[in-house]
Novice: 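Sending over a structure as structure tokens; questions will come in a sec.
All ligand and atom numbering here is 1-based and tracks the order in the structure. Along the sequence shown, residues carry numbers from 1.
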Amino acid sequence: MANTIKKIAVLTSGGDSPGMNAAIRSVVRTCAYHSIECIGIYRGYEGMIEGDFLEMDARSVKGIINKGGTILKSARSKEFRTKEGREKAHTQLVKAGVDAFVVIGGDGSFTGAMVFNSEFNFPVMGIPGTIDNDIVGTSHTLGYDTALNTVVEAIDKIRDTASSHNRLFFVEVMGRDVGHIALNAGVGAGAEEILIPEEDLGLDRLLESLRRSKASGKSSSIVVVAEGDKIGKNVFELKDYVEENMSEYEVRVSVLGHMQRGGSPSCFDRVLASRMGVRAVEGLLNGESNLMVGLKNDVMTTTPFNQSVKGKMPINKELLRVSDIMTV
Ligand code: F6P
């Protein structure tokens with residue numbers, strides 16, 4: 001089919017993640033490579049509704065591959081969830097001569113793109129950009145690898161002071177309602193316990209495990225808690241509970257928060273972003289649409305939006321077993 005796409009827009013949407021700028025760079029440069037015009041859309045769907053656009057060329061994206069965050073800014077748009085909002089956005093795109101767009105974001109952003117495509121038959125491709133790694137259809141979402149390294153580095157630092165004072169630290173990490181960051185960074189940082197929403201360890205078993213660690217000679221401990229953990233208490237209540245039931249430990253809490261979303265992207269994320277940008281743009285030029293690009297066994301593939309937005313990437317059971325063994 002002869003390609004009718006002459007101008008492609010790119011936007012970042014939802015929670016930002018390291019690597020988004022590398023993906024913007026790849027989309028813009030792949031357009032330039034194919035002599036296709038490219039438009040940047042500021043602030044996600046909010047900017048699309050307002051027509052907050054920027055002409056971009058290969059030079060517009062120089063020096064950003066190593067920058068965290070997103071030069072196009074990001075936002076979560078309530079108005080885009082309305083038909084009127086999407087109609088305004090469509091009018092803006094048509095007025096600007098845009099034929100298709102690439103959205104870099106999470107499952108919420110893809111749901112919006114899917115609805116928009118169904119209403120206007122407007123070609124869209126998605127790049128999974130979120131630190132949570134919770135999207136079906138890719139082994140790695142953009143920013144996840146960088147976030148893991150950020151968390152491991154932070155826990156290594158916390159361990160220095162925990163061991164100096166023989167303390168137990170609860171370290172809360174992001175991930176919304178999945179435990180991928182907690183489990184992988186917890187194993188990587190040698191945490192004594194990891195609490196994730198996918199596995200209900202229970203308070204009694206937590207105390208038992210901490211007592212066993214103490215009895216085996218561990219003078220300090222790190223417990224990594226996923227923010228979506230369902231043990232029934234938030235990380236500060238956990239601290240109080242353990243202090244009340246385990247006099248052996250002084251307990252402290254460290255909530256890592258939004259630092260996990262920042263920082264210069266890892267080489268892995270920069271390369272992943274570059275590959276995803278090429279695949280998304282060339283998919284549009286080949287007539288594809290309504291697909292999320294993803295990595296499967298190190299091969300760039302696509303998954304229909306209506307599958308990638310369903311459910312969450314399941315926790316790796318083999319890694320869960322490794323984690324149990326490592327805390328012997
Ligand atoms: O989805 C990415 C994420 O960082 C989650 O891990 C976290 O729960 C959420 O975004 C925080 O949202 P906000 O940016 O609105 O504070």
Novice: If you define the side chain from C-beta out and look only at heavy atoms, does anything of Gln260 sit under 4.5 Å from Val151?
Specialist: yes
Novice: If we ignore angles and hydrogens, is there a donor and acceptor under 3.5 Å between the side chains of Glu192 and Ser213?
Specialist: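 Checked: Glu192/Ser213 side chains show no N/O donor-acceptor pair below 3.5 Å.
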Novice: Which residue and atom name correspond to the protein heavy atom nearest atom 12 (O) of ligand 1, and how close is it?
Specialist: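 For atom 12 (O) of ligand 1, the nearest protein heavy atom comes out as Arg76 NH2, 3.6 Å.
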Novice: For Gln260 and ligand 1, answer yes if some heavy atom of the residue is under 4.0 Å from a ligand atom, otherwise no.
Specialist: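 Heavy atoms of Gln260 never come under 4.0 Å of ligand 1.
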Novice: How far is atom 4 (O) of ligand 1 from the closest protein heavy atom, and which atom is that?
Specialist: Arg261 NH1, 2.7 Å
Novice: Just jot down the ligand 1 atoms closer than 4.0 angstrom to any heavy atom of Gly175, in number order.
Specialist: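 Contacts of ligand 1 toward Gly175, numbered from 1: 6 (O).
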Novice: Going by an N to O cut-off under 4.0 Å, is there a salt bridge joining Lys312 and Asp134?
Specialist: yes
Novice: Using heavy-atom distances only, which candidate in Ile131, Asn133, Asp132, Thr141 approaches atom 5 (C) of ligand 1 most closely?
Specialist: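 Shortest heavy-atom distance from atom 5 (C) of ligand 1: Asp132.
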Novice: Can Thr146 and Asn149 be counted as having a side-chain donor-acceptor contact under 3.5 angstrom?
Specialist: no
Novice: Using heavy-atom distances, let me know which of His258, Arg176, Met174 sits nearest atom 9 (C) of ligand 1.
Specialist: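 Among His258, Arg176, Met174, the closest heavy atom to atom 9 (C) of ligand 1 comes from Arg176.
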Novice: Just so I know, are the side chains of Thr302 and Met125 near enough to count as touching, which here means a heavy-atom distance under 4.5 Å?
Specialist: yes
Novice: Between Arg261 and Thr150, do the side chains contain an N or O donor and an N or O acceptor separated by less than 3.5 Å?
Specialist: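 Side-chain D/A pair, Arg261 to Thr150: absent.
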Novice: Run the numbers for me: atoms of ligand 1, each under 4.0 Å from some heavy atom of Glu227, listed by number.
Specialist: 5 (C), 6 (O), 7 (C), 8 (O)
